[in-house]
Amino acid sequence: MSKKLTRRDFMVVTGLAGAAAALAACAPKATPAPTEAPKEAPQGAKSETEAEATSAPATQPSVELLYYYGGRESFADLDEVQAAMSEIMQAQFNATIKLNPIEFSSYQEKMNAKDAAGEKYDLCFTSNWANPYYVKVKNGVLADITDALPQWAPKYYGGLNPGIWLGPKVGGRIYAAVNQQIFPAAFGPIVREDLAQKYGLDLSTIKK
């Protein structure tokens, strides 16, 4: 991956629908053994790697990312949305996405079954109330993306209040990308309108 994502790009391509989405656990590639440093090329000469990069087109195959989330399985425009997301992703980092909605009534049960069977997927919706985040972290289902976030999505990562990133931290590590929508807080009394009218309660007179 060579192009860094903005927060908006990151949200578009992952299609997040709720509190958070998390990368499914994937074992990182082994770090290659150190090799002897290449000899310094004459000034002005291109290295073999640079020559290949400028003379040959990219040959890496496109990657399809599987995304499971809670939602209507009969969503009529699913294919159209999926195609639009894949077009953006293909242009930016040579990937497409496969949307796999699961009815919320059975979402957690089906995701538990997938995890127990070791089924491979790339993204999933997780929160404290559906497909529980902390349980998935404890069971080793999710990948550690602590270092990947600022490296590959610096604008998204830096665009959120640092305090927000304390939420998904477990043992000082992050396993989910937070989807900040709104963090509202209601101030003042909340009263049913019919009861306020019945008992003649004038809310404008309430000062404390």
Inset, instruction - List the atom of Gly70, the atom of Phe125, and the distance in Å for their closest heavy-atom pair. - result: N-CB, 4.5 Å
Legend entry - Backbone of Gln60 reached by a side-chain donor or acceptor of Asn94 within 3.5 Å: yes
Inset, instruction - To the nearest 0.5 Å, tell me how far Asp122 CG sits from Ile97 CD1. - result: 8.5 Å
Inset, instruction - Kindly say whether Tyr133 contributes a backbone atom to a donor-acceptor pair with the side chain of Thr126 at under 3.5 angstrom? - result: yes
Legend entry - Same apolar cluster: Val135 and Tyr175, side chain cutoff 4.5 Å: no
Legend entry - Side-chain donor/acceptor of Ser127 to backbone N/O of Ala130, under 3.5 Å: yes
Inset, instruction - Look only at the side chain of Thr146 and the backbone of Ile174, and say whether a donor-acceptor pair between them is shorter than 3.5 Å. - result: yes
Inset, instruction - Taking Thr96 for its side chain and Ser86 for its backbone only, find out whether a donor-acceptor pair lies under 3.5 Å. - result: no
Legend entry - Shortest non-hydrogen separation from Ser62 to Gln90 and the atoms involved: OG-OE1, 3.2 Å
Inset, instruction - List the steps, then state whether side-chain contact (heavy atoms from CB on, under 4.5 Å) holds for Leu99 with Tyr69. - result: CA-CA 8 Å; Leu99 301 178; Tyr69 59 95; 3.8 Å; yes
Legend entry - Verdict with reasoning, Glu109 to Asn112, per side-chain contact (heavy atoms from CB on, under 4.5 Å): CA-CA 5 Å; Glu109 179 183 353; Asn112 287 344; 5.7 Å; no
Legend entry - Heavy atoms of other groups near Glu87 CD, more than 12 under 6.0 Å: no
Legend entry - Nearest heavy atoms of Val137 and Leu142, plus distance in Å: CG2-CD1, 4.0 Å
Inset, instruction - Please step through ring-ring contact (aromatic ring centres under 6.0 Å, His included) for the pair Trp152 and Tyr157, ending with a clear verdict. - result: CA-CA 9 Å; Trp152 299 114; Tyr157 179 75; over 10 Å; no
Legend entry - Atom pair CG (Leu66) and CG (Asn100), whose distance is rounded to the nearest 0.5 Å: 6.0 Å
Legend entry - Full working for side-chain contact (heavy atoms from CB on, under 4.5 Å) between Val170 and Lys138: CA-CA 9 Å; Val170 179; Lys138 179 181 177 182; over 6 Å; no
Legend entry - Heavy-atom pair of closest approach, residues Asp202 and Thr205: O-OG1, 2.6 Å
Legend entry - Those residues that, when tested against Glu73, pass side-chain contact (heavy atoms from CB on, under 4.5 Å) (two or more places apart): Ile102, Glu103, Lys110
Legend entry - Gln151 versus Asp147, side-chain donor and acceptor atoms under 3.5 Å: no
Legend entry - Atom of Val191, atom of Ala196 and distance for their closest heavy-atom approach: CG1-CB, 4.1 Å
Inset, instruction - Kindly indicate, with the supporting measurements, whether the criterion side-chain contact (heavy atoms from CB on, under 4.5 Å) is fulfilled by Tyr156 and Gln180. - result: CA-CA 10 Å; Tyr156 156 65; Gln180 180 184 0; over 6 Å; no
Legend entry - Non-hydrogen atoms of Cys124 and Asn131 that approach each other most closely: SG-ND2, 3.7 Å
Legend entry - Transitive ILVMFWY side-chain link Trp129 to Tyr107, under 4.5 Å: yes
Legend entry - Residues which pass salt bridge (charged side-chain N to carboxylate O under 4.0 Å, His left out) with Asp194, listed by chain and number, not counting sequence neighbours: Arg192
Inset, instruction - For residues Phe75 and Glu80, determine if any side-chain heavy atom of one lies less than 4.5 Å from a side-chain heavy atom of the other. - result: no
Inset, instruction - Using distance alone, with no hydrogens and no angle criterion, decide if Tyr121 and Asp115 have a side-chain donor and acceptor under 3.5 Å apart. - result: yes
Inset, instruction - Consider only side-chain N and O atoms of Tyr67 and Gln82, and report whether a donor and an acceptor are under 3.5 Å apart. - result: no
